[in-house]
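Structure first, commentary second.
We name chains A, B, ... by the order of the sequence lines, and we start the count at 1 in each one. The analysis underlying the following values was restricted to heavy atoms, covering all of them including side chains, and did not include hydrogens, waters or symmetry mates. Computed from a predicted structure; not experimentally measured.
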Amino acid sequence: MSEHAAEDREGYDPHAIQEKWLPVWDSLAPFRSGDPADARPKKYVLDMFPYPSGDLHMGHAEAYALGDVLARYWVQRGFNVMHPIGWDAFGLPAENAAIKRGENPLTWTYENIAQQKASMRRYACSFDWDRVLNTCDPEYYRWNQWLFLQLFERGLAYRKDSAVNWCPSCQTVLANEQVVAGCCERCDGAVTKRKLNQWYLRITDYAQRLLDDMSQLEGGWPEKVLLMQRNWIGRSEGAKVDFAVEGRAEPVTVFTTRPDTLFGATFMIVAVDSPLAAELAALGGTSAEHSTYLEQVRAVTDIERQATDREKTGVPLNVTAINPVNGERIPVWASDYVLADYGTGAIMAVPAHDQRDLDFARKYNLPIRVVVAADEDPAVTGVATADDGEHINSGPLDGLGTEAAVARIIEVLRERGTGDASINFRLRDWLISRQRYWGTPIPIVHCPSCGEVPVPQEQLPVTLPALSGDDLRPKGVSPLAAATDWVNTLCPKCGEPATRDADTMDTFFDSSWYFLRYLDPHNTQSAFDPALAKQWLPVEQYVGGVTHAILHLLYSRFFTKVLHDIGLLDFTEPFTRLLNQGMVLMDGSAMSKSRGNLVRLSDELDEHGVDAIRLSMVFAGPPEDDIDWADVSPAGSRKFLARAWRLAGDVTSTPGTDPATGDSALRKVTHKIVHESAQAVEGYRFNVVVARVMELVNATRKAIDSGCGGTDPAVREAAEAVAILLSLVAPYTAEEMWQRLGHEPTVMLAGWPVVDPALLVADSVTCIVQVNGKIRDRFDVAPDITDADLQAQAMQREAVVDSLAGATPAKVIVRAPKLVNIVLGGA
RNA sequence: GCCCCCAUAGCCCAGCGGUAGAGGCAGGCGACUUAAACUCGCUCAAGCGUGGGUUCGAAUCCCUCUGGGGGCACCA
């Protein structure tokens with residue numbers, strides 16, 4: 001590496017200091033957090049753990065640089081910071097690699113983990129290496145299975161038949177997040193639906209609490225993420241209304257957010273793919289038409305189906321429903337614009353006041369009746385009106401506004417026993433079954449006589465059989481199903497032959513509670529120790545990409561509430577503060593091999609050194625903004641680090657010199673910058689912290705070259721402050737400076753410099769004088785000047801007297817010591 | 001279609017009611033050097049996307065529009 005490590009004139013060599021300090025830090029282990037005798041207050045700083053797909057990339061480098069600033073800052077502030085790392089090590093890429101290489105996925109996974117771990121060490125991440133966990137280890141996933149059984153026992157894990165995303169070319173189900181615009185994210189093939197019996201977690205039971213508890217997160221989480229979660233949970237208030245159906249004993253219930261428009265319902269729609277539709281078709285003798293239409297709908301890919309401007313389609317079922325409030329007979333249709341798994345899978349159609357219903361009504365010539373007065377007739381304009389207004393054609397609701405009409409109709413429905421107020425969520429239960437190998441086996445045995453039998457605790461973990469290569473090739477069912485030795489077992493209850501559940505869990509299950517396992521990663525008795533959880537949790541600071549704004553964070557919040565209900569946690573929200581870092585782009589777009597704009601982290605580190613890259617990441621802008629690597633200058637970062645480093649060589653006083661007698665101007669700069677930097681770190685303004693340190697370096701340089709000189713104690717104080725502040729971002733350079741300043745390692749535990757409040761007050765402040773808001777003069781005053789003195793002085797200033805030209809001020813606004821504004825009356 | 005965020009020197013960004021600029025990149029000039037690199041010093045540069053409003057005073061608060069980015073999209 002000598003070709004890029006060319007030393008500058010004075011010898012700042014980033015690569016040499018990396019080699020020098022790494023082994024020292026390894027032996028000092030300054031970020032170990034597990035000592036029970038440690039009296040420091042505790043703080044939990046968490047970075048989202050990586051998926052081990054190859055080496056670390058630029059995105060990791062940004063995220064971990066930012067997390068490190070926070071973790072290192074709190075250590076300097078005297079906290080015992082737990083800053084753990086591990087690997088989200090189950091998942092499909094490992095399985096695909098294993099098929100290609102004819103191996104078990106474990107091999108590829110562990111190779112990548114080893115590589116990432118080495119890169120993190122070189123990158124000087126302040127992790128507590130004693131707490132490492134890998135979700136693919138049986139020691140970890142056994143507790144996934146334990147947790148699953150806890151959920152199962154409480155009825156929160158259940159199986160049902162449902163249409164799931166299916167990729168025909170990969171021969172496997174896909175998670176919703178793996179379906180991008182109707183296509184498989186890996187092979188780009190069109191995704192279809194397939195009916196399968198799958199395991200679900202009843203997250204919908206927690207919908208209201210997931211919504212309500214967001215109040216705890218206000219201010220700690222980005223508003224944007226809270227908004228996305230609210231939308232995802234999608235609470236809507238309305239009513240359920242029962243419509244009797246001719247020839248059917250049971251009524252059909254619909255959910256509506258506009259029960260006030262019930263008198264405008266002119267037909268009913270049921271979701272074409274719902275069991276109800278098939279049943280009603282049979283009732284109306286239209287099964288053939290229904291089936292034909294259903295097949296047409298199924299043939300349409302998700303991409304086409306999701307197009308918003310798609311024309312509405314449907315088929316009449318030849319069934320009649322009765323409007324419960326006016327006895328009107330209305331036809332029932334089936335359509336695909338009504339979703340089978342939202343609400344009741346059936347709606348009342350009010351074409352005058354719902355655009356979708358109107359589109360449908362116009363296409364099939366169904367009646368349109370206005371029940372909320374509006375200027376324009378939807379039947380003519382083709383635009384449904386949804387505004388508040390006076391109700392008409394609505395019997396008891398006539399004359400009422402929407403709010404009153406809603407309340408009234410709910411009363412009416414209740415009195416008649418044909419409906420009630422109701423709340424619906426768009427959140428669905430979480431499908432966790434995967435027909436994959438590289439995941440946690442679901443710890444259930446299917447017994448012909450006992451049914452679903454949980455694997456007893458003492459038999460956990462149910463470990464994966466060692467399959468590799470072609471055995472893992474997707475065949476439409478889990479590869480585990482073909483591992484007969486593994487699948488065939490005895491029922492734990494009756495001892496008769498039975499089979500294991502052959503599916504594995506969604507890997508989001510693994511990551512929904514990993515922050516708890518870090519407390520105690522080697523615990524063989526329980527998933528985690530509740531006493532430790534009480535000490536360390538909730539996580540005070542979580543750092544990660546906004547990609548996980550919904551899924552991972554929602555699932556973690558759900559698990560936390562379940563564990564709280566079980567009595568193992570004394571809090572209900574896992575992450576108090578959340579920082580979402582932006583992405584690292586190149587020339588305005590995401591880096592990718594196919595685009596040819598991929599910047600390799602290891603190349604950057606080789607060329608500029610670790611500290612310069614970390615500094616560039618932190619300095620590029622606010623942490624939540626994207627960084628365009630084309631806009632940053634790692635060479636500039638390195639130049640700055642060399643400049644800072646050189647200061648240490650110019651300090652000629654001895655360590656421990658009392659700064660009190662030092663140059664007061666420099667001391668004031670130092671203390672002000674240390675003070676402001678702390679506030680900036682806590683406000684996530686890391687780029688500003690770097691700017692402040694640059695400012696301090698500039699001031700110190702000036703003091704050495706053309707001010708008080710290198711012997712002055714204030715220069716030592718300033719240089720030491722630079723080293724400590726820099727230790728948050730550029731630990732190698734900071735450590736080297738610290739040593740050159742005559743200290744023992746490590747600067748990471750040096751402690752935040754103590755700020756002397758007396759040094760934060762300026763000697764003088766420039767006061768500006770405005771006349772009618774325009775600046776007319778400025779002069780220096782004491783910072784503690786009174787309003788009266790300041791006004792008196794300002795009124796006597798020559799420039800002020802001139803611009804007043806004898807006029808009498810109507811009003812004088814004084815904000816000592818910075819401003820006087822003289823307002824002239826009238827004109 | 002609905003909702004959210006952003007807009008400050010050539011560029012990345014501070015400032016978030018009171019002097020438009022903390023810091024960096026790029027540019028210019030100079031010092032060091034035989035010369036260059038490196039380093040150091042000095043310097044140039046925007047009136048805060050647009051139009052209105054509130055205020056003694058607006059880059060900062062409110063509204064409009066424009067331009068960029070993001071989320072949700074037949075959820076009844």
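Not one N or O on the side chain of A/N772 forms a donor-acceptor pair closer than 3.5 Å with the backbone of A/V823. One N or O on the side chain of A/R369 and one on the backbone of A/F263 form a donor-acceptor pair closer than 3.5 Å.
Pairing partner, B/G67: B/C6, with both Watson-Crick or wobble hydrogen-bond distances short of 3.5 Å. Using N1 to N3 plus N6-O4 or O6-N4 for Watson-Crick, or N1-O2 and O6-N3 for G-U wobble, each under 3.5 Å, B/U19 pairs with nothing. Judged by Watson-Crick or G-U wobble contacts below 3.5 Å, the nucleotide B/C72 has B/G1 as its partner. Of all nucleotides present, only B/G41 satisfies the Watson-Crick or G-U wobble test against B/C29, with each distance under 3.5 Å.
For the pair A/K774 NZ and B/G57 P, the interatomic distance rounds to 10 Å; values are reported in whole Å. Computed from coordinates, the A/F686 CZ to B/G24 C1' distance equals 19 Å when rounded to whole Å. As a whole-Å value, the separation of A/E676 CD from B/G23 C1' is 13 Å. Rounded to a whole Å, the CG atom of A/L641 is 14 Å from the C1' atom of B/G23. The NZ atom of A/K702 sits 15 Å away from the C1' atom of B/G23 (whole-angstrom rounding). Rounded to whole Å, the distance from CG on A/D628 to P on B/C6 is 20 Å. In this structure, A/I768 atom CD1 and B/A20 atom P are separated by 7 Å, rounded to whole Å. Summarising the geometry, the separation between CZ on A/R235 and P on B/C3 is reported as 21 Å, rounded to the nearest angstrom.
Dashed line: the shortest gap from a side-chain N or O of A/S236 to OP1 or OP2 of B/A76 is under 4.0 Å. Between B/C72 and A/R230, no contact under 4.0 Å exists linking OP1 or OP2 to a side-chain N or O. Between A/N698 and B/G24, a side-chain N or O to OP1/OP2 separation shorter than 4.0 Å is present. Look at A/R776 and you won't find any side-chain N or O under 4.0 angstrom from OP1 or OP2 of B/U19. Side-chain N/O atoms of A/R692 include none lying less than 4.0 angstrom from OP1 or OP2 on B/A14. Within the structure, every side-chain polar atom (N or O) of A/N687 is placed at least 4.0 Å from both OP1 and OP2 of B/G24. In this structure, A/K811 reaches the B/C56 phosphate: one of its side-chain N or O atoms is under 4.0 Å from OP1 or OP2. Contact between the side-chain N/O atoms of A/Y337 and the OP1/OP2 oxygens of B/A76 is not found at any separation under 4.0 Å.
Of the residues in residues 615-627 of chain A, those placing a heavy atom less than 4.0 Å from an atom of RNA chain B are A/F619, A/A620, A/P622, in numerical order.
Nearest nucleotide to the side chain of A/R646, out of B/G18, B/U19, B/U39: B/U39. Distance from the side chain of A/T766 is smallest for B/U19 among the nucleotides B/U39, B/U19, B/A76. Distance from the side chain of A/A691 is smallest to B/G23 among B/C72, B/G23, B/G18. In this structure, of B/G18, B/C25, B/U39, it is B/U39 that holds the atom nearest to the side chain of A/K639. Of the listed nucleotides (B/A22, B/A20, B/G71), B/A20 has the atom at the smallest distance from the side chain of A/I775. In the set B/A76, B/C4, B/C11, the nucleotide with an atom closest to the side chain of A/L227 is B/C4. For A/K224, whose side chain is taken as the heavy atoms from C-beta onward, the closest listed nucleotide among B/G70, B/C3, B/G18 is B/G70. Candidate nucleotides B/G18, B/C40, B/U19 were compared by shortest atom distance to the side chain of A/R643, and B/C40 ranks first. Counting only heavy atoms from C-beta on, A/M694 has its side chain closest to B/G24 among B/C25, B/G24, B/A20.
Taking 3.5 Å as the limit, the base of B/C74 and the side chain of A/K312 contain a donor-acceptor pair of atoms between them. One N or O donor and one acceptor, one from the side chain of A/N821 and one from the base of B/C56, sit under 3.5 Å apart. Side-chain atoms of A/Q770 and base atoms of B/G18 include a donor and an acceptor less than 3.5 Å apart.
Looking at every heavy atom in both residues, A/M737 comes nearest to A/A648 through O-CB, 3.8 Å. Scanning all heavy atoms of the two residues, the minimum distance from A/L554 to A/W232 falls at CD2-CD1, 3.6 Å. The minimum heavy-atom distance linking A/P259 with A/M348 is given by the pair CA-CE, 4.4 Å. The two atoms that bring A/S764 and A/P783 nearest to each other are CA-CD, 4.1 Å, heavy atoms only.
Taking the O4'-C1'-N9-C4 or O4'-C1'-N1-C2 dihedral as appropriate, B/G47 has a value within 90° of 0 and is therefore syn.
The existence of a salt bridge linking A/D354 and A/R258 is excluded, since no basic side-chain nitrogen approaches an acidic carboxylate oxygen closer than 4.0 Å. Between A/R701 and A/D705 a salt bridge is recorded (basic side-chain N to carboxylate O distance below 4.0 Å).
Of the two residues contacting RNA chain B, namely A/L819 and A/S637, the nearest-nucleotide position lying further toward the 5' end is that of A/L819. A residue-by-residue look at A/F425 and A/K818 shows that A/K818 has its nearest nucleotide of RNA chain B further toward the 5' end.
Atom name C1', nucleotides B/C38 and B/G23: the rounded distance is 22 Å, in whole Å. Straight-line distance between the P atoms of B/G15 and B/C61: roughly 12 Å, to the nearest whole Å. Between B/C25 and B/A45, the distance separating the two C1' atoms is 14 Å to the nearest Å. Comparing the P positions of B/G71 and B/C16 gives an interatomic distance of 30 Å, to the nearest angstrom. Nucleotides B/G49 and B/A9 place their C1' atoms 15 Å apart, quoted to the nearest Å. Taking the P atom of each, B/A20 and B/C48 are spaced 12 Å apart, rounded to whole Å.
We find the CG-OH distance between A/L427 and A/Y342 to be 11.0 Å, quoted to the nearest 0.5 Å.
Contact check for A/E607 versus A/I613: no side-chain heavy atoms found under the 4.5 Å cut-off.
Remark: of the listed residues A/W333, A/F243, A/F360, A/F360 is the sole one forming a ring-ring contact (aromatic ring centres under 6.0 Å, His included) with A/F267.
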